[in-house]
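First up is the structure itself, then whatever we jot down about it.
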Amino acid sequence: MLEEKYAPHAIEEKWQKYWEENKSYKVEMDENKPKSYVLEMFPYPSGNLHMGHVRNYSIGDVLSRFRTMKGFNVLHPMGWDSFGMPAENAAIKHGVAPKNWTLENIANMTRQLKALGLAYDWDREVATCKEDYYKWTQWFFELFYKKGLAVKKKSAVNWCNKCNTVLANEQVIDGKCWRCDSVVEKKDLEQWFFKITDYADELLKDLDLLEGWPERVKTMQRNWIGRSEGLEMTFAIPELNDEVAVYTTRPDTSYGVTFMALAAEHPLIEKICENNPKAAEIKAFCDRVRNQSDIERTSSESEKEGIFTGVHCINPYTGKTVEIWVTNYVLYDYGTGAVMGVPTGDQRDWMFADKYGIDKIVVVQPKGVNLKLEEMTCAYEEKEGELVNSGEFDGMEMHEAMAAIMDKAEAEGFGKRRVNYRLRDWLISRQRYWGAPIPVIYCPTCGEVLVPEEELPVRLPEDVKFDAGAKSPLATSEAFLNCTCPKCGGPATRETDTMDTFLCSSWYYLRYTDPKNDKLPFAKEINGYWGPVDQYIGGIEHAILHLLYSRFFLKVLRDAGLVDYAEPFSNLLTQGMVIKDGAKMSKSLGNVVSPEEILEKYGADTARLFILFAAPPERELDWSDQGVEGSFRFLNRVWRIIYTYLPQIEQKVTEYDVTALNEADKELRRILHNTIKKVTSDIETRFNFNTAISSLMELVNALYAYKENAQEINAGLVYEATSALVRMLAPFVPHMTEELWKDAFGAAASVHAEQWPEYDEAALKVDNVEIVLQVNGKVRGRLVVPAEATAAELEKIALADANVQSHIGGATVRKVICVPGRLVNIVAK
RNA sequence: GCCGAAGUGGCGGAAUUGGCAGACGCACUUGACUCAAAAUCAAGCGGGUUUACGCUCGUGCCGGUUCGAGUCCGGCCUUCGGCACCA
């Protein structure tokens with residue numbers, strides 16, 4: 001028996017318990033059904049869910065439930081990205097073990113997730129900090145190692161003093177640590193890298209395959225990878241009996257080189273300084289530059305500075321000798337760390353030449369114009385022009401010249417075409433405790449040795465000091481540190497760094513497909529059924545980080561034969577932020593709304609409905625307490641209309657004569673089938689849940705109007721309309737619809753296992769339509785005409801209209817445009 | 001500087017293929033119900049003008065294409081996001 005009033009809390013608690021006990025959302029492989037893998041980015045267990053999570057998971061839940069009703073076998077899992085610094089900070093601050101802190105947070109957030117009524121298969125839950133997961137993370141490290149994609153190398157790396165660890169390039173935002181915002185320093189350290197640059201080209205190229213990804217995410221990845229084509233060539237240094245290589249994307253300006261610029265880190269500098277009277281001065285300059293922070297060094301505003309080394313090199317094209325300078329504006333880790341200086345072709349070189357009185361030579365100028373140096377105030381950087389002062393290439397169009405000049409370098413052997421990337425290798429070691437230990441052992445006789453596969457996982461020790469200073473916390477555990485070499489059996493030590501948590505999260509979606517496998521990270525066959533992820537949903541902040549690493553990871557796994565597809569996420573939806581009063585919710589602004597307080601006041605269904613209704617998913621969502629109130633009001637309205645129609649619904653009239661309907665019946669039936677059509681396409685093809693919900697509101701309004709207007713209530717039609725309404729609302733408000741389905745409709749099965757309603761094209765037809773009458777494009781009247789009226793009939797009716805006639809006045813009718821079912825436009829002059 | 005996205009009532013937003021701008025909701029106003037309030041139900045709700053039918057202006061700005069432009073084209077402005085001393 002249906003309660004008269006909507007009481008969300010009792011209902012929600014009841015159905016959550018029921019779904020859990022009956023494992024309602026457990027899924028298995030089923031070759032007879034089409035599959036759909038719907039995935040939301042798993043959370044870091046910080047302790048509490050925030051509104052961003054609620055939005056993310058509500059979107060995923062609607063899709064998951066909708067696709068299930070549409071007949072798909074839907075995989076919809078949840079887990080925890082549970083390694084990371086906050087657990088360690090809690091350990092330092094409060095003395096709790098990171099593991100306990102993390103597990104407690106997971107328990108609390110699991111409770112909060114369950115209170116939202118999300119349709120997850122909880123049997124597939126994973127947590128990256130658990131041994132049965134990080135064992136496989138280590139296994140992947142070894143796979144990468146064996147393929148030569150995990151290497152230890154010394155280089156200048158980003159160091160965060162506050163987090164006491166190195167960072168990957170992707171984790172440095174505007175020269176600051178992505179997590180704690182402190183300015184990042186450079187340190188020369190030996191660290192583990194994953195060679196993502198080996199896949200740069202494919203990572204770039206395959207973006208074109210990702211039609212279901214937002215353009216801006218693809219653009220961000222393209223920018224980050226930063227591919228450029230150019231020429232690498234060598235300039236001889238007779239004084240040192242050596243040479244220096246440069247990389248340029250503007251080989252057409254090669255005849256305009258008037259100096260050579262080296263980065264302060266360039267290895268040639270050491271040789272230059274031998275027996276050099278200016279050695280001390282040069283070294284002092286290099287030290288000063290290298291001690292600047294990245295922010296200072298890479299700001300385009302900072303003054304270009306340099307020092308002449310006293311040494312010269314020879315331009316292979318012209319045979320001319322130019323001075324070698326050390327500068328503060330050439331980057332060592334891009335290209336070759338040396339740049340040919342062409343003041344007339346590059347504004348930085350221009351400013352540098354101005355400051356130090358270096359020559360300039362015009363080599364590219366606009367077609368038909370003679371550029372004069374004395375009239376120039378800046379470099380000519382346009383993308384078109386023709387060559388001058390360039391020997392045999394004079395007069396050539398610059399793009400033609402580029403090719404011809406590179407051909408010459410290759411023919412004569414002093415240069416080669418080359419592709420360059422901005423992307424750097426992924427630095428994956430961290431000097432932190434709460435992560436997966438890198439499974440490597442260092443043996444004085446055998447060197448670097450992998451921990452044998454059967455000994456994985458390398459377990460995290462618990463007898464460590466967390467604030468070990470510059471040392472990795474793992475190095476403070478003697479029991480962990482000291483071991484025997486797997487090869488020779490002699491005494492050895494373990495690697496004490498752990499892996500970047502982004503590595504753990506690069507493959508979690510694969511584990512969900514086969515989460516209990518203890519022989520492999522996942523079985524290829526099972527993963528082949530579920531993968532790739534059909535719809536991925538998460539925040540834009542991972543546009544580069546997680547989404548680039550995961551793509552890289554999967555490509556390596558594909559090359560290792562573990563999967564047969566090349567991209568992990570076929571479709572991506574990046575949800576917008578939840579804001580309030582025009583700003584991101586934050587403690588310091590005091591505009592945080594906690595999910596728990598909303599759930600307590602209104603229940604999960606209202607919270608979900610509001611969040612999906614207030615804005616389309618990709619846009620920012622402006623939190624409004626009054627809007628939440630409105631959503632709650634709507635659910636009460638739904639409840640009341642079902643309650644009102646209960647006598648008809650209980651008759652269970654599932655068939656009725658569609659040819660014997662009166663006007664009010666036809667109108668309701670038309671609105672119903674229109675709503676089914678619109679809601680279906682809004683969810684399926686556009687993810688516009690806000691407009692889907694607004695259509696459902698219109699249907700509810702129509703059910704109220706029908707109650708007022710119909711002389712006699714058609715029980716069959718009402719049954720059809722209300723049952724479709726409840727099923728269409730089910731993905732959005734799962735608890736309330738489940739209650740209505742069971743108690744009002746007396747169903748035995750869950751509404752979430754029901755079929756999604758289908759619309760009847762015939763029901764959309766109308767007998768009469770209102771058409772708009774225009775004169776010269778302006779609306780001058782409206783008329784109701786039979787829907788099948790022809791253009792000729794429309795024209796006749798339109799011209800007969802009094803208001804239309806008065807606007808035509810004395811003018812001559814030149815043309816009449818008829819769009820049947822919409823409008824008539826009379827052109828008169 | 002390069003690349004990308006977006007500018008529509010008091011507010012969140014709708015208009016999917018060039019065809020009635022403002023769906024749906026919030027806020028507000030009014031009416032019904034009530035002793036009263038809340039809740040609910042019903043009606044109104046871009047600006048100007050008109051007793052009214054209506055007329056007129058209106059989707060960041062300027063221009064264009066078209067019978068017809070929020071939507072297409074050209075040129076700007078503003079905001080947000082990414083990349084950037086990358087040679």
> Does A/Gly777 or A/Asp622 map to a spot on RNA chain B nearer the 5' end, using the closest nucleotide for each?
Replying inline: A/Asp622

>> Using atom C1' in both nucleotides, what's the gap between B/G64 and B/G12 to the nearest angstrom?
In response: 34 Å

> Any chance the rings of A/Phe414 and A/Tyr317 have centres within less than 6.0 Å?
Replying inline: yes

>> Nearest 0.5 angstrom please: A/Trp426 CH2 to A/Leu548 CG, how far?
In response: 9.0 Å

>> Should the side chain of A/Asn223 and the base of B/C83 be counted as holding a donor-acceptor pair, with the cut-off at 3.5 Å?
In response: no

>> Please classify the nucleic acid contact of A/Arg822 as base, sugar-phosphate, or nothing, using heavy-atom distances under 4.0 Å.
In response: sugar-phosphate

> Expressed in angstrom and rounded to an integer, what is the separation of A/Trp639 atom CH2 from B/U40 atom C1'?
Replying inline: 18 Å

>> Closest approach to the side chain of A/Tyr334, judged atom by atom: which nucleotide of B/C86, B/C67, B/C24 is it?
In response: B/C86

>> Between B/C72 and B/U66, how many Å separate the two C1' atoms, rounded to a whole number?
In response: 10 Å

> Between B/A21, B/G82, B/G4, which nucleotide has the shortest distance from any of its atoms to the side chain of A/Val779?
Replying inline: B/A21

> Of the nucleotides B/G82, B/A87, B/C85, which one has an atom closest to the side chain of A/Asn328?
Replying inline: B/C85

> What is the nucleic acid contact for A/Arg780, judged by heavy atoms within less than 4.0 Å: base, sugar-phosphate only, or nothing?
Replying inline: sugar-phosphate

>> Determine whether a donor-acceptor pair (N or O, by modelled atom type, separation under 3.5 Å) exists between the side chain of A/Gln347 and the backbone of A/Ala379.
In response: yes

>> Work out how far the C1' atom of B/C45 is from that of B/U29, and round it to whole angstrom.
In response: 8 Å

> What does A/Ser624 touch in the nucleic acid at a heavy-atom separation under 4.0 angstrom: a base, only the sugar-phosphate, or nothing?
Replying inline: nothing

>> Under 4.0 Å, counting only non-hydrogen atoms across every strand here, what does A/Lys218 touch: a base, just sugar-phosphate, or nothing?
In response: nothing

> Considering only the C1' atoms, how many Å lie between B/G70 and B/C55, rounded to the nearest integer?
Replying inline: 23 Å

>> Under 4.0 Å, counting only non-hydrogen atoms across every strand here, what does A/Asn690 touch: a base, just sugar-phosphate, or nothing?
In response: sugar-phosphate

> Which of these nucleotides, B/A14, B/C24, B/C57, is closest to any side-chain atom of A/Met697?
Replying inline: B/C24

> Should we say atom NZ of A/Lys355 is surrounded by more than 12 heavy atoms from elsewhere, each under 6.0 Å from it?
Replying inline: yes

>> Taking the basic N atoms (NZ, or NE/NH1/NH2) and the acidic carboxylate oxygens, is any pair closer than 4.0 Å for A/Lys360 and A/Asp354?
In response: yes

> In whole angstrom, what separates A/Leu696's CG from B/A14's C1'?
Replying inline: 15 Å

> Can you tell which of B/A21, B/U40, B/A87 lies closest to the side chain of A/Arg640?
Replying inline: B/U40

>> Please report the distance separating the C1' of B/A84 from the corresponding atom of B/G1, rounded so that it comes out in whole Å.
In response: 8 Å

>> Categorize A/Glu381 for me: base, sugar-phosphate, or nothing, with a 4.0 angstrom heavy-atom threshold over every strand shown.
In response: nothing

> Ignoring hydrogens and angles, does a donor from either the side chain of A/Lys678 or the base of B/U16 sit under 3.5 Å from an acceptor on the other?
Replying inline: yes

>> Checking contacts here: which listed nucleotide (B/A14, B/G82, B/C67) is nearest the side-chain heavy atoms of A/Pro616?
In response: B/A14

> Considering heavy-atom distances to RNA chain B, does A/Ser694 or A/Ile817 have its closest nucleotide positioned more toward the 5' end?
Replying inline: A/Ser694

> What's the CD-P distance between A/Glu382 and B/G1, to the nearest Å?
Replying inline: 13 Å

>> Output the rounded distance in Å from CG (A/Leu773) to C1' (B/C67).
In response: 15 Å

> Nearest 0.5 Å, what's the CD-CD1 distance between A/Gln774 and A/Ile817?
Replying inline: 9.0 Å

> Could you state the CZ-P distance from A/Arg814 to B/G68, rounded to the nearest angstrom?
Replying inline: 13 Å

> In whole Å, what is the span from the CG atom of A/Asp174 to the P atom of B/C85?
Replying inline: 11 Å

>> Checking the side chain of A/Tyr645 only, and the main-chain atoms of A/Lys707 only, is there a donor and an acceptor separated by less than 3.5 Å?
In response: yes

> With a 4.0 Å cut-off on heavy atoms, is A/Val246 in touch with a base, just the backbone sugar-phosphate, or nothing at all?
Replying inline: nothing

>> In this structure, how many angstroms lie between the C1' atom of B/C80 and the CE atom of A/Met220, rounded?
In response: 12 Å

>> Mind checking if A/Asp682 touches a base, just sugar-phosphate, or nothing, with heavy atoms under 4.0 Å?
In response: base

>> Over all strands shown, is A/Tyr704 touching base, sugar-phosphate only, or nothing at heavy-atom distances under 4.0 angstrom?
In response: sugar-phosphate

>> Given B/A15, B/G19, B/C41, identify the nucleotide with an atom nearest to the side chain of A/Arg686.
In response: B/A15

>> Taking atom types as they are modelled, would you say the side chain of A/Lys815 forms a donor-acceptor pair with the base of B/C67 within the 3.5 Å cutoff?
In response: no

> For the side chain of A/Arg422, counting heavy atoms from C-beta on, which of B/C83, B/U16, B/C41 is nearest?
Replying inline: B/C83

> Does a side chain donor of either A/Arg422 or A/Asn223 reach within less than 3.5 Å of an acceptor in the other side chain?
Replying inline: no

>> Does A/Gln347 reach a base, just sugar-phosphate, or nothing at all? Heavy atoms under 4.0 Å.
In response: nothing

> Is the distance from OP1 or OP2 of B/C55 to the nearest side-chain N or O of A/His807 less than 4.0 Å?
Replying inline: yes

> Between B/U71 and B/C62, how far is it from one P atom to the other, in whole Å?
Replying inline: 13 Å

> Distance between the P atoms of B/U17 and B/C67, in whole angstroms?
Replying inline: 23 Å

> Rounding to the closest angstrom, what is the interatomic distance between B/C86 and B/G22 at atom C1'?
Replying inline: 48 Å

>> Counting neighbours of NZ on A/Lys601 that are heavy atoms of other residues, nucleotides or ligands and sit closer than 6.0 Å, is the number greater than 12?
In response: no

>> From the set B/C86, B/G54, B/G19, return the single nucleotide nearest to any side-chain atom of A/Asn803.
In response: B/G54

> Of the candidate nucleotides B/G54, B/G12, B/G4, which contains the atom at the shortest distance from the side chain of A/Arg216?
Replying inline: B/G4

